[in-house]
Participant: 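This is the structure I have questions about; it appears just below.
What you are looking at is a predicted structure, and each value in this text was computed from that prediction instead of being measured.
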Amino acid sequence: MFTGIITDIGTIRSHDQRGDLRLVIGCGYAMDGVAIGASIACSGACLTVVDKGDDWFAVDLSAETVARTAPGLWREGGRLNLERALKVGDELGGHIVTGHVDAVGHLVSAQSEGDSIRLVIRAPQQLATALAAKGSITVDGISLTVNSVEDRPDGSVDFGLNIIPHTAVATTLDKLEDGRAFNLEIDVLARYLDRMQSARQRSV
């Protein structure tokens, strides 16, 4: 489990396609306190530490993980939002995050709004019923509050977020390219409610 509060930004130092994709990620964590087998959320995807050094750790990504996460995210030199797994007694500053990516969204617009940045991200139809104003969403591993939701004729949904300056500089949201893809994870409660609703409709 995670909270969606980013504690470091890692950089992919190497990208090696073996049977799975092996990444070596440079970071600022004290790696003597990170065990082999530990979980680290990398831009919202929960990955397992399989090797480590003084200022890096390695993870393996299956083809399934690569296919279900944002295109281009795992390229060499890419930056990743990092968060270590929640420990009992840690402060829950964001919301409960599982590190399981539900879908990929794409940037529609990014505009200045006071000192903040107003983002609009388009999510696919499968997430439409799980997004609500003032609800929680995880975007590339970052716990954020949904400010607005606009359903589109094709079933997809545009949702708005306000990114304060601290969040921008502490995460990879400081650089926003047109059409950028994001890993999205809906609130865990919304996931179960959506599942229950689907089951209820099938039983009618």
Participant: Using modelled atom types and a 3.5 Å cut-off, is there a donor and acceptor pairing between side-chain atoms of Asp140 and backbone atoms of Asn183?
Facilitator: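 The answer is yes, because a donor-acceptor pair under 3.5 Å joins these two groups.
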Participant: Is the backbone of Gly28 close enough, under 3.5 Å, to the side chain of Asp8 for a donor and an acceptor to pair up by distance?
Facilitator: yes
Participant: Kindly determine whether Ile12 and Arg75 satisfy side chain to side chain contact (heavy atoms under 4.5 Å, CB included), including the steps that lead there.
Facilitator: CA-CA 7 Å; Ile12 299 175; Arg75 68 186 184 282; 5.9 Å; no
Participant: Is Phe57 reachable from Ile9 through a run of I, L, V, M, F, W or Y residues, each pair having side-chain heavy atoms under 4.5 Å apart?
Facilitator: no
Participant: For the residue pair His15 and Leu23, establish whether any side-chain heavy-atom pair is separated by less than 4.5 Å.
Facilitator: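 Yes. Closest side-chain heavy atoms under 4.5 Å.
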Participant: If two hydrophobic side chains count as joined below 4.5 Å and joins carry through other members, does Val120 share a cluster with Phe182?
Facilitator: no
Participant: Taking atom CD of Gln125 as the centre, does the number of heavy atoms from other residues, nucleotides or ligands within less than 6.0 Å exceed 12?
Facilitator: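 Atom CD in Gln125 is not packed in, count stays at 12 or less.
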Participant: Regarding Asp154 and Ser156, is there a side-chain donor-to-acceptor distance under 3.5 Å anywhere?
Facilitator: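 Checked: Asp154/Ser156 side chains pair up, N/O donor to acceptor below 3.5 Å.
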Participant: Do Phe2 and Thr7 come close enough that some side-chain heavy atom pair is under 4.5 Å?
Facilitator: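 Heavy-atom side-chain distance check fails, nothing below 4.5 Å.
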Participant: Side-chain contact test, heavy atoms from C-beta onward, threshold under 4.5 Å: evaluate it for Thr48 versus Asp60 and give yes or no.
Facilitator: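 Side-chain contact under 4.5 Å: no.
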Participant: Side-chain contact, heavy-atom cut-off 4.5 Å: Ile137 with Leu144?
Facilitator: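 With C-beta onward as the side chain, the pair touches.
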Participant: Would a 4.5 Å heavy-atom cut-off, applied to side chains only, mark Phe159 and Leu184 as touching?
Facilitator: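 Answer yes - side chains close enough.
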Participant: Using modelled atom types and a 3.5 Å cut-off, is there a donor and acceptor pairing between side-chain atoms of Asp102 and backbone atoms of Ile186?
Facilitator: yes
Participant: If the condition is side-chain hydrogen bond (donor to acceptor under 3.5 Å, both in side chains), which residues does Asn81 pass it with, not counting sequence neighbours?
Facilitator: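 Thr172.
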Participant: Are Val104 and Pro71 packed together at the side-chain level, in the sense that at least one heavy-atom pair is separated by less than 4.5 angstrom?
Facilitator: yes
Participant: Determine, using the 4.5 Å side-chain heavy-atom cutoff (strictly less than), whether Ile6 and Ile163 are members of one ILVMFWY cluster.
Facilitator: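 Yes, Ile6 connects to Ile163 through the hydrophobic network.
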Participant: Give a yes or no on whether Arg118 atom CZ has more than 12 heavy-atom contacts from other residues, nucleotides or ligands under 6.0 Å away.
Facilitator: yes
Participant: Is it the case that the side chain of Glu83 and the backbone of Thr3 share a donor-acceptor pair, with hydrogens and angles ignored and the cut-off at 3.5 Å?
Facilitator: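 Checking the backbone N and O of Thr3 against the side chain of Glu83, a donor-acceptor pair under 3.5 Å is found.
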Participant: Quick check for you: to the nearest 0.5 Å, what is the distance between Leu21 atom CG and Asp16 atom CG?
Facilitator: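 The CG atom of Asp16 is 8.0 Å from CG of Leu21, to the nearest 0.5 Å.
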Participant: To the nearest 0.5 Å, tell me how far Arg79 CZ sits from Ile25 CD1.
Facilitator: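 Rounded to the nearest 0.5 Å, the CZ-CD1 separation comes to 14.0 Å.
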Participant: Is the shortest side-chain heavy-atom distance between Ile121 and Val108 below 4.5 Å?
Facilitator: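 Heavy-atom side-chain distance check fails, nothing below 4.5 Å.
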Participant: Does atom CD (Gln17) have a neighbourhood of more than 12 heavy atoms from anything else shown, all under 6.0 Å?
Facilitator: yes
Participant: What I want to find out is whether Asp55 reaches Arg13 closely enough, with some N-O distance under 4.0 Å, to be called a salt bridge.
Facilitator: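 A salt bridge links Asp55 with Arg13.
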Participant: Kindly give the heavy-atom pair with the smallest separation between Ala123 and Leu131, and that separation in Å.
Facilitator: CB-CD1, 4.0 Å
Participant: Should Leu80 and Leu107 be counted in the same cluster of Ile, Leu, Val, Met, Phe, Trp and Tyr side chains packed under 4.5 Å apart?
Facilitator: no
Participant: Do Glu177 and Lys175 touch side chain to side chain, with heavy atoms closer than 4.5 Å?
Facilitator: yes
Participant: For the residue pair Met31 and Lys52, what are the closest heavy atoms and their distance?
Facilitator: O-NZ, 2.9 Å
Participant: Taking atom CD of Glu185 and atom CD1 of Ile96, what is their separation to the nearest 0.5 Å?
Facilitator: 10.5 Å
Participant: Hey, mind stepping through Ile142 and Thr167 against side chain to side chain contact (heavy atoms under 4.5 Å, CB included) and telling me if it holds?
Facilitator: CA-CA 9 Å; Ile142 309 162; Thr167 301; 4.2 Å; yes
